[in-house]
Amino acid sequence: MSVSPLGSSAPVSPASELSPADSSPAGPSPAESSPSGSAPAVAASSASSASSASFEQAPTQAELLDFVRRSAADAELIASLPLDPEGRTWVRLDGPGGSEAWLIGWPPGTGTGWHDHADSVGAFVTAAGELKENSLAARLPTDGWRTLELADGVDRERRLPAGRGRSFGRHHVHEVFNESTGRHAVSVHAYHPPLPRIRRYSRTEQTLRLEQVERPEDWQ
């Protein structure tokens, strides 16, 4: 586990183009992540797979979203995930076109904290319960900083009940959590290319601080 080098503070303004809008089964418009929080008390030991199409080229955000939506609608797959009241659980899935995909269970009150997915694009859909996503409509510098001051107007919030989700582009910064006090949530996530790293942040009001960088060996 490594930490990015120190860098000077700099303001971050809203991006000129926002990530694709929410999607639902009612509309095809174009949700952490690999297990992008602390390790669960019980991790699923065997991998499951969901049907996926073959892609000659890297899958697009829309294709990843279609995959996670179809997987989230697979009742047998969703029921196969072991759930643990003490921590999140996950199972690796076979994503389309060499993508990385996960089925994740979220006990009440659990979440990821602020993070991004480096150069990977991705998508996720809630399969059971409801998730909430807080995200930043801003493009962060990729390296060479430790603290950033966020401009006003960069915050976005989405509530994603079962059947709803979203896709996102490179360096999308968000946190995802289950606000329920009594019900698990389950979701399906996919990323391409497979996650090379996850950057984790803490936030105090408009100050975002890079805390650590995780790599695949930290969560697999």
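Side-chain atoms are counted along with the backbone in the values below, which use heavy atoms only and exclude waters and symmetry mates.
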| What's the shortest heavy-atom distance between Ser135 and Arg166, and which atoms? | OG-NH1, 4.0 Å
| message | For His172 and Glu133, which I'm curious about, is there any donor-acceptor pair between the side chains at under 3.5 Å? | response | yes
| message | Taking side chain to side chain contact (heavy atoms under 4.5 Å, CB included) as the definition, give me every residue that meets it alongside Thr110, ordered by chain and number, with sequence neighbours left out. | response | Arg88, Trp106, Pro107
| Backbone N/O of Asp84 and side chain of Thr89: donor-acceptor pair under 3.5 Å | no
| task | May I have all residue pairs that pass salt bridge (Lys or Arg N to Asp or Glu O under 4.0 Å) and include part of residues 113-127, sequence neighbours excluded? | result | Asp116-Arg199, Asp119-Arg170
| request: Check whether any side-chain heavy atom of Val154 sits under 4.5 Å from a side-chain heavy atom of Leu136, and report yes or no. | output: yes
| request: Provide the closest heavy-atom pair for Ala128 versus Thr126 in the form atom of the first, atom of the second, distance. | output: O-CG2, 3.4 Å
| task | Quick one: closest heavy-atom pair of Thr207 and Thr147, and the distance? | result | CG2-CG2, 3.5 Å
| Of the options Tyr201, Trp114, Phe168, which is the one that meets His174 in a ring pair (Phe, Tyr, Trp, His ring centres under 6.0 Å)? | Phe168
| field | Contacts of Glu130 that satisfy side chain to side chain contact (heavy atoms under 4.5 Å, CB included) - sequence neighbours left out | value | Arg159, Pro161
| task | Please report the C-alpha distance between Glu100 and Trp102 in whole Å, then the side-chain angles of each, then the deciding distance to 0.1 Å, and finally whether the side chain to side chain contact (heavy atoms under 4.5 Å, CB included) criterion is met. | result | CA-CA 7 Å; Glu100 177 177 339; Trp102 299 88; 2.8 Å; yes
| note | When rounded to the nearest 0.5 Å, the distance separating CG of Leu210 from OG of Ser202 is 8.5 Å
| request: Grab the two heavy atoms, one from Glu175 and one from Thr112, that are nearest each other, plus how far apart they are. | output: CA-OG1, 3.5 Å
| request: Taking all non-hydrogen atoms of both residues into account, name the closest pair between Gln206 and Asp155 and its distance. | output: OE1-OD2, 4.0 Å
